Amino acid sequence: FDGTNYLVAYQVYSSSASNSSAVGQFVSPSGNIIGVRLSLNPNGQNSQPYLSFDGANYLVAWADYSQQASGVPLRGVFVSPGGAIGSVITLSQSTSVADFGTIAYGGGAYLLTWDDSQTTPNSVYGAFINTTGFNESGDFLISTNGLQSESSGVSAAFDQTNFLAVWYSATGKTCIKGCLVN
């Protein structure tokens, strides 16, 4: 919510083009559709997009499977409350994203989390992205010995000091795991 409207981001599948693209739609507080559907990555083959608002713009991000042979990075676009869409940018250094987890904004940066197959078994990774789209932290390890099903349940929130990332664990006894990230 940007103070006036909501931005909803979702994935649309085109059977004729065999791809799926990230799209967005503004919705008023009363539930009315505002404007036209926004094409965020028209020829992509993406996972479900996630978004967060930084007080000025939205960052919409997704795992990009369009060139899977060369790897799967996280990509995204900034969207203004007026509907202006920036260029698609690469957000992670990784090209082994197995499943994108979540995005949360706080303290001047976005925290992105994902399941990454660069380790065996997969691990949960993260990155801090600033409001211009620059990956300030590099990609960093949040939890080892994960599974793809673990990080697909990742959620994060900001408490004015730290982010809390939580996910369910499929290894050992099923439980909820978490980590403070600053």
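Throughout, numbering of the chain's residues begins at 1 and tracks the sequence. Not measured: the values here are computed from a predicted model.
- Side-chain contact between N32 and V27: absent, with no pair of heavy atoms (C-beta onward) separated by less than 4.5 Å.
- The nearest pair of heavy atoms linking L74 to W114 is CD1-CE3, 3.3 Å.
- The shortest distance between side-chain heavy atoms of Q11 and P49 falls below 4.5 Å.
- Shown here for T161 and N182, the closest heavy-atom pair between the two residues is O-CB, 4.4 Å.
- Around CG of L141, the count of heavy atoms belonging to other residues, nucleotides or ligands within 6.0 Å exceeds 12.
- When all heavy atoms of L40 and V79 are compared, the pair lying nearest together is CD2-CG2, 3.8 Å.
- In terms of modelled atom types and a separation under 3.5 Å, the side chain of D139 and the main chain of S94 share a donor-acceptor contact.
- Once rounded to the nearest 0.5 Å, the distance linking OH of Y58 with OG of S80 reads 9.5 Å.
- Not counting sequence neighbours, the partners of Y105 by the ring-ring contact (aromatic ring centres under 6.0 Å, His included) test are Y110.
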Apply the test side-chain contact (heavy atoms from CB on, under 4.5 Å) to residues V181 and N162: give CA-CA distance (whole Å), side-chain angles for both, the deciding distance (0.1 Å), then the verdict.
CA-CA 6 Å; V181 182; N162 296 300; over 6 Å; no
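- The CD1 atom of I85 lies 10.5 Å from the CG atom of N41; values are rounded to the nearest 0.5 Å.
- Here the side chain of T95 pairs no donor or acceptor atom with the backbone of V72 at under 3.5 angstrom.
- A donor-acceptor pair is defined here as one N or O able to donate and one able to accept, closer than 3.5 Å; such a pair exists between the side chain of Q25 and the backbone of I34.
- Annotation for F100 and T113: closest pair CD1-O, 3.3 Å, computed over non-hydrogen atoms.
- Two residues are said to be in side-chain contact when any heavy atoms from C-beta on lie closer than 4.5 Å; S52 and I103 meet this criterion.
- When atom types are taken as modelled, the side chain of S28 and the backbone of N5 share no donor-acceptor pair closer than 3.5 angstrom.
- Taking all atoms of both residues into account, the shortest heavy-atom contact from G106 to F158 is CA-CD2, 3.4 Å.
- Between L112 and Y50 the shortest side-chain heavy-atom distance does not fall below 4.5 Å.
- Closest heavy-atom contact between P81 and F53: CG-CE1, 4.0 Å.
- Taking the six-membered ring for Trp and the full ring otherwise, Y125 and F140 have centroids separated by 6.0 Å or more.
- To the nearest 0.5 angstrom, L111 atom CG is 8.0 Å from T102 atom OG1.
- Using a 4.5 Å heavy-atom threshold, the side chains of F26 and R37 count as separate.
- Under the side chain to side chain donor-acceptor pair (under 3.5 Å) criterion, the residue pairs touching residues 83-92 are R75-T90, with sequence neighbours excluded.
- Interatomic distance, CD1 of I129 versus OG of S137, reported as 6.5 Å (0.5 Å rounding).
- Between the side chain of N135 and the backbone N or O of L91, at least one donor-acceptor pair lies under 3.5 Å.
- The only option from V60, V77, L7 that meets the side chain to side chain contact (heavy atoms under 4.5 Å, CB included) definition with L38 turns out to be L7.
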